[in-house]
Amino acid sequence: MSRVGGAGFSSAAPGSTVWRNTRPVTVGLIGAGVMGADHARLLSGSVSGARLGGVCDVDETRARRVVEGTGARVLPDPFALIADDDIDAVLVASSDPTHEAYVLAAIAVGKPVLCEKPLAPTVDGCQRIIDAETAYGSRLVTVGFMRRYDPGYVELKQALDDGVIGAPLVLHCVHRNPANSPGQPSAAVITNSAVHELDVSRWLLGEEIVEATVHTPRPAAAAGGTADPQLLVLRTASGALVDIEVFVNAGYGYEVRCELVGESGTVELGMPSPTVQRRAGVIARPLAMDWRPRFAEAYRRELQDWVDSVRLVAPAAFSPAATAWDGFAATYLAQACVRALETGAPVTIDLPSRPKLYEP
Ligand code: ISE
């Protein structure tokens with residue numbers, strides 16, 4: 001497949017759909033754990049214009065399980081998979097500390113890469129990716145902040161952008177998981193979970209966060225010593241406030257809530273389930289027990305958009321995809337929030353200015 005300037009999103013004249021190649025994009029997957037297996041399933045059945053070409057995992061048995069029935073190969077070496085001539089684009093769903101090396105290797109051979117969050121766990125690691133992509137000269141990297149594709153979040157952003165509720169004043173966010181690994185470091189509540197809210201806040205409000213404070217009540221008994229729940233309070237450049245309750249041992253289910261308060265109205269995410277149950281004396285709406293069913297449609301749309309961006313000469317004028325810059329910003333903000341958690345004091349956030357490559 002010929003590559004024309006990487007996976008960057010540029011404007012296209014209406015009706016000017018031109019495919020770089022009519023054959024499907026052959027995707028190489030690194031990481032066959034929970035998320036990798038889900039991506040492999042979507043690529044093999046729910047996304048058009050793509051096929052799974054190769055899978056690599058530290059546990060080869062796991063990789064073999066994921067390729068079953070797909071026709072994909074198991075490759076033992078992730079760098080060989082990235083360089084393989086049959087692989088057009090790379091999907092990174094391996095453990096967080098490995099992301100940077102694989103993304104850099106994909107950039108080095110000019111292949112589009114979709115990397116699960118975080119882009120890298122450290123700001124320096126993210127910076128090295130930004131530098132490599134900037135030296136390459138066009139965008140190749142997409143970060144898997146899938147909530148930007150969730151129909152609810154998309155509609156919420158549309159309402160704000162259409163001026164339906166007036167200028168934003170306060171964004172209320174709630175992020176709850178039923179349970180997390182006992183003894184999880186308190187910082188991981190931010191870097192692993194609240195980071196989604198950090199990304200979604202920047203994306204929804206279209207501005208940067210300039211200050212963070214993190215408050216903690218007494219920890220939940222189920223949290224096993226982790227500071228959980230946490231309440232993050234953020235201030236944006238224009239003076240709006242964002243509050244995020246993140247509670248990863250909430251027991252009852254997986255739930256994400258979001259309400260945006262504007263000058264003349266509010267808009268909030270609707271109920272996650274399309275049905276209501278009446279039974280045993282209650283009226284109830286079923287909840288997912290983890291994020292995969294809750295964001296199933298978002299993951300599918302995210303992958304389809306990425307595949308289209310690789311195949312199209314002139315991709316869609318509008319894509320919510322998170323760039324390497326958004327990945328950098330998310331890690332930068334998460335680290336600032338960790339400092340706020342550790343010090344108990346407000347932290348001023350001075351995000352470096354956005355490199356030219358990432359201007360809209
Ligand atoms: C998990 O790693 C994710 O990325 C999910 O989207 C998030 O909701 C969850 O809290 C994290 O643990």
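Residues: numbered from 1 along the sequence shown. When a ligand or atom number is given, it counts from 1 through the structure's own listing order. Since the structure is predicted, the reported quantities are computational estimates derived from the model, not experimental observations.
No side-chain N or O of His172 forms a donor-acceptor pair with one of Glu259 less than 3.5 Å apart. Tyr299 and Gln304 are not linked by any side-chain donor-acceptor pair at a separation below 3.5 angstrom, with hydrogens and angles left out of the test.
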Extract all donor-acceptor atom pairs below 3.5 Å that involve side chains of residues 33-41 and protein atoms in other chains or at least two apart in sequence.
residue: His39; atom: NE2; partner: Glu116; partner atom: OE2; Å: 2.7

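The environment of CE in Met271 is sparse: at most 12 heavy-atom neighbours from other residues, nucleotides or ligands sit within 6.0 Å.
With values rounded to the nearest 0.5 angstrom, Met146 atom CE is found 4.5 Å from His196 atom NE2.
Between Phe79 and Tyr102, the distance separating the two ring centers is shorter than 6.0 angstrom.
Protein neighbours of ligand 1 below 4.0 Å, counting non-hydrogen atoms: Lys117, Met146, His175, Asn177, Asn192, Ser193, His196, Tyr254, Trp291.
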